[in-house]
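One structure is given below, encoded as structure tokens.
Because the structure is a prediction, the values reported are computed rather than measured.
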2 protein chains.
Amino acid sequence: MTKPVTSAELDQRSKLHEVFALPQGRALDICLKLQKAILEHRLSPGLKLSEDEVGEIYGASRTVVRASLQALAHSGLVSMEKNRGAFVAKPSIREAHEVFQARALIEPAVARLAAAVITDRQLAQLHAHLDAEHAALHASDMGKALFLSGNFHTEIADIADHRIFAGMIRSLISRSSLIIALYWKRSDTACESHSHHALMNAFEKRDSAAAESIQKSHIIDLHSGLDLKEKPAGGTSLSEALQG
Amino acid sequence: MTKPVTSAELDQRSKLHEVFALPQGRALDICLKLQKAILEHRLSPGLKLSEDEVGEIYGASRTVVRASLQALAHSGLVSMEKNRGAFVAKPSIREAHEVFQARALIEPAVARLAAAVITDRQLAQLHAHLDAEHAALHASDMGKALFLSGNFHTEIADIADHRIFAGMIRSLISRSSLIIALYWKRSDTACESHSHHALMNAFEKRDSAAAESIQKSHIIDLHSGLDLKEKPAGGTSLSEALQG
DNA sequence: TGAATAAAAATTGTATACGATCTCTGATTG
DNA sequence: CAATCAGAGATCGTATACAATTTTTATTCA
């Protein structure tokens with residue numbers, strides 16, 4: 001009894017295929033499944049992704065698994081070390097800063113574009129998305145909520161209909177998910193919803209300037225919700241260095 | 001009698017490895033060689049890159065060639081079609097616009113960052129780079145001149161020391177090279193040098209604002225140097241459609 | 001006991017083989 | 001003569017096998 005593929009999943013699949021130069025055929029499926037698992041925090045940063053093991057799970061040979069892992073490495077979700085294999089990426093504090101700096105530059109510009117061209121249909125879709133996010137949050141399914149929260153941003157990029165920016169944002173959102181898994185310090189995860197709703201308001205009014213400004217604040221707010229202070233060099237540095 | 005690897009090449013290699021998640025081992029070499037060939041316009045957009053052929057040339061098996069081509073596909077230099085193979089990418093007019101819109105947003109911000117932290121040593125390096133560019137231009141080696149001209153931009157990203165932006169810019173510059181190959185309309189290719197020298201001036205004064213503004217103008221100027229008008233639907237559309 | 005070493009196991013890197021798909025050529029037919 | 005179709009050849013997608021490297025384990029010696 002296989003779960004039928006939903007239209008939303010098909011949609012995402014075709015979009016991803018357009019935007020990224022993802023592998024084709026079976027490798028794409030594995031890619032998406034691994035990606036989803038990582039983005040929902042079912043696979044923790046640093047976890048080893050053995051080729052044999054992944055192949056076993058998805059019933060594929062190492063050849064296609066390798067292609068998938070390579071693709072994920074390019075989008076920043078996986079890091080590959082020569083002769084050692086693939087691991088769920090573990091962004092450094094520095095990379096975390098860089099990712100949110102990049103998002104703070106790009107996403108507001110894209111939100112501005114999106115506000116100028118959004119259709120009623122797309123507005124409704126975004127609304128439905130927020131509802132789903134709310135439902136997941138209410139069901140305490142944090143993994144799914146986070147996944148959907150990220151998707152909200154990529155959907156805006158798709159609405160702006162700018163493939164280059166959309167590809168960049170997709171990669172940045174993916175990395176952000178890992179960064180949040182590692183460095184999130186706030187307890188009120190629900191705070192996102194507020195910003196997202198404010199953004200919806202701006203979209204409904206087709207107010208480009210407001211959308212840009214709200215999105216910028218939102219990203220900066222997310223950035224400030226991370227605990228990105230370098231640990232003091234004394235305490236953990238030795239043990240860290242030895243087990244690293 | 002093998003040509004020794006220059007320090008500049010080694011440098012680029014290690015940098016690329018950091019920034020992109022490039023394949024490792026032999027695949028990396030093939031990647032860089034193909035990339036260089038494409039960026040110097042020795043391989044034209046649309047050209048087929050047969051796996052067997054490439055493997056023959058570089059003395060590698062299809063396995064590593066495939067990994068290389070996949071990597072290049074991820075950076076936008078190569079497009080892969082299922083069951084048909086890999087081709088040197090042929091950016092559409094739309095993609096050309098998008099690439100330069102992205103550059104116009106990102107590169108000025110990065111130039112600003114770079115101006116704030118550039119060292120004297122790096123200034124000297126950039127000067128040397130401009131000299132090499134000038135020399136290539138004087139020797140009518142357009143391929144090399146264009147390659148170097150692109151590298152100037154990635155070097156600025158490296159100076160800004162922002163890996164995420166640097167990776168984005170590298171990809172954008174690569175695509176730009178293809179776009180220029182397809183759509184450049186100006187005869188005075190040397191115009192770039194002027195902007196680059198102006199930028200150097202700003203860097204020497206550590207004038208962030210000027211660097212940002214000059215870079216923005218430079219990108220917009222490049223964008224306007226392209227012939228990106230859609231061809232009228234009547235004339236060439238049929239023949240184009242048939243031979244496409 | 002603990003460190004150093006060497007052999008064994010596991011994992012990745014690469015080559016090759018085979019099946020699937022596409023492309024091209026040439027014959028056939030209206 | 002043009003268009004269609006069939007088959008051969010070429011090319012890609014995937015699985016598997018072997019080589020190279022790393023990791024683990026067992027052993028030895030101080």
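In this structure, OH of Tyr58(A) is placed 16 Å from P of dA15(D), rounded to the nearest angstrom. For Phe87(B) and dC22(C), the CZ to C1' distance is 11 Å, given to the nearest whole Å. Rounded to an integer number of Å, the gap from Asp52(A) CG to dA9(C) C1' is 13 Å. Taking atom CG of residue Asn83(B) and atom P of nucleotide dT23(C), one finds them 9 Å apart after rounding to whole Å. Distance Arg66(A) CZ to dT12(C) P: 8 Å, rounded to the nearest Å. Taking atom CD on Glu53(B) and atom P on dT11(D), their separation rounds to 8 Å, with Å as the unit. One interatomic measurement links the two molecules: CD of Glu51(A) to P of dT14(C), which rounds to 11 Å at whole-angstrom precision. Glu56(A) places its CD atom 12 Å from the P atom of dT11(C), with the value rounded to the nearest Å.
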List the steps and the verdict of side chain to side chain donor-acceptor pair (under 3.5 Å) for Ser176(A) and Arg103(A).
CA-CA 9 Å; Ser176(A) 293; Arg103(A) 290 185 62 178; 2.8 Å; yes
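The side chain of Arg62(A) lies closest to dT12(C), out of dT16(C), dA15(D), dT12(C). The listed nucleotides are dG13(C), dA15(C), dT11(D); the one nearest the side chain of Lys48(B) is dT11(D). Of the listed nucleotides (dT12(C), dT23(D), dC12(D)), dT23(D) has the atom at the smallest distance from the side chain of Arg84(A). Residue Ser61(A) has its side chain nearest to dT14(D) when only dA15(C), dT14(D), dG13(D) are considered.
For the residue pair Thr119(B) and Gln122(B), a side-chain donor N or O sits within less than 3.5 Å of a side-chain acceptor on the partner.
In this structure, Arg26(A) does not reach the dG13(D) phosphate: none of its side-chain N or O atoms is under 4.0 Å from OP1 or OP2.
Ile173(B) has its side chain within reach of Glu107(B): a pair of non-hydrogen atoms, C-beta onward, lies under 4.5 Å apart. Side-chain contact between Leu105(A) and Phe165(B) is present, with heavy atoms from C-beta onward closer than 4.5 Å.
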